Amino acid sequence: MTNTNKSGWRTSQRNARVAIISAFLSDLAFILPIWVLFGTEQLKLSVTTTTVLFMMVWILSGVLEVPTGALADRLGRKKMYLVGIALFSLYTLAYVAKLPVPLIALVSMIAAFGSALRSGALVALTHDSYRKDGRSD
């Protein structure tokens with residue numbers, strides 16, 4: 001028997017809103033100009049190096065999307081979502097700590113794995129919420 005009451009529907013809608021807001025705030029892909037300015041002014045990197053480091057996260061994250069989604073299915077979506085957020089936060093910390101470029105690149109790859117892990121688990125968690133409320137196939 002599925003839960004089709006109005007409060008269950010509100011729970012699904014709330015979970016979907018939280019997922020969308022969380023994904024938006026954790027990605028923040030629109031801040032490329034800020035990263036470029038920070039990298040060039042504070043870290044004394046070239047614009048090209050700063051942009052490559054930034055884009056490495058997004059490209060690698062896209063490549064790892066499916067494998068990390070499967071990993072989240074096996075190990076637990078909520079747990080992998082939280083691990084993904086923690087790993088992704090290392091990206092910002094690497095810049096703030098003013099690490100050397102090779103270490104920033106390494107941390108960027110780890111952060112990309114975290115971003116993909118977070119994203120793969122988030123979609124499944126949102127879908128599960130709707131399914132539990134009887135609102136999805």
Side-chain angles (χ1 to χ4, degrees):
M1 179 178 247
T2 60
N3 179 8
T4 58
N5 65 19
K6 190 98 169 147
S7 67
W9 178 241
R10 286 190 196 134
T11 301
S12 296
Q13 287 179 327
R14 185 192 70 231
N15 289 347
R17 284 189 197 109
V18 167
I20 290 168
I21 290 168
S22 173
F24 176 76
L25 292 176
S26 65
D27 283 344
L28 295 177
F30 61 87
I31 63 167
L32 176 58
I34 296 168
W35 283 116
V36 170
L37 288 172
F38 184 81
T40 56
E41 296 295 320
Q42 297 294 320
L43 300 177
K44 306 297 184 212
L45 302 173
S46 70
V47 174
T48 303
T49 302
T50 305
T51 305
V52 166
L53 289 169
F54 183 84
M55 295 309 296
M56 182 177 19
V57 172
W58 305 112
I59 292 169
L60 192 54
S61 178
V63 169
L64 294 173
E65 188 77 23
V66 172
T68 56
L71 186 64
D73 288 343
R74 287 193 181 125
L75 300 178
R77 294 172 179 159
K78 288 180 185 178
K79 182 173 141 184
M80 291 299 102
Y81 177 76
L82 294 174
V83 168
I85 291 285
L87 290 176
F88 186 68
S89 68
L90 295 175
Y91 179 63
T92 305
L93 295 174
Y95 274 86
V96 173
K98 297 183 179 181
L99 296 177
V101 174
L103 283 177
I104 290 176
L106 178 65
V107 171
S108 294
M109 288 187 261
I110 294 168
F113 177 76
S115 176
L117 192 59
R118 175 207 43 87
S119 178
L122 184 63
V123 172
L125 283 169
T126 304
H127 182 70
D128 283 350
S129 177
Y130 276 93
R131 187 174 39 216
K132 284 178 185 174
D133 289 338
R135 303 295 177 182
S136 179
D137 293 35

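Heads up: numbering here begins at 1 and tracks the sequence. As the structure is a computational prediction, the values presented were derived from the model and not from experiment.
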- [ ] Step by step, work out the side chain to side chain contact (heavy atoms under 4.5 Å, CB included) result for Leu45 and Leu53.
- [x] CA-CA 10 Å; Leu45 302 173; Leu53 289 169; 4.3 Å; yes
Open item on the list: Restricting to side chain to side chain donor-acceptor pair (under 3.5 Å), what partner residues turn up for Thr40, sequence neighbours left out?
Closed with: none
Task: Transitive ILVMFWY side-chain link Val63 to Met56, under 4.5 Å - done: no
TODO: Report whether Phe113 and Leu75 are members of the same hydrophobic cluster (ILVMFWY, side-chain heavy atoms less than 4.5 Å apart, transitive linking).
DONE: yes
TODO: Answer yes or no: is there a side-chain heavy-atom contact under 4.5 Å between Phe88 and Val57?
DONE: yes
Open item on the list: Tell me whether Val66 shares a hydrophobic cluster with Ile59, the cluster being built from Ile, Leu, Val, Met, Phe, Trp, Tyr side chains joined at under 4.5 Å.
Closed with: no
Open item on the list: Side-chain heavy atoms nearer than 4.5 Å, only ILVMFWY residues, links allowed to pass through others: does that put Leu82 and Ile85 together?
Closed with: yes
Task: Pairwise side-chain hydrogen bond (donor to acceptor under 3.5 Å, both in side chains) hits with a residue in residues 59-77, at least two apart - done: Ser61-Ser115, Glu65-Ser119, Asp73-Arg77, Arg77-Asp128
Open item on the list: Tell me whether Ile110 shares a hydrophobic cluster with Leu64, the cluster being built from Ile, Leu, Val, Met, Phe, Trp, Tyr side chains joined at under 4.5 Å.
Closed with: yes
Open item on the list: Within this structure, what is the OG1-CZ distance for the pair Thr50 and Phe38, rounded to the nearest 0.5 Å?
Closed with: 10.0 Å
- [ ] Kindly compute the distance separating CE (Met80) from CG (Leu87), expressed to the nearest 0.5 Å.
- [x] 9.0 Å
Task: Aromatic ring pairing Tyr91/Tyr95, orientation class (parallel under 30°, perpendicular over 60°, tilted between) - done: perpendicular
Task: Closest heavy-atom pair and its distance - Lys98, Leu43 - done: CG-CD2, 3.3 Å
Open item on the list: Which heavy atom of Ala112 sits nearest to which heavy atom of Leu60, and what is that distance?
Closed with: CB-CB, 3.7 Å
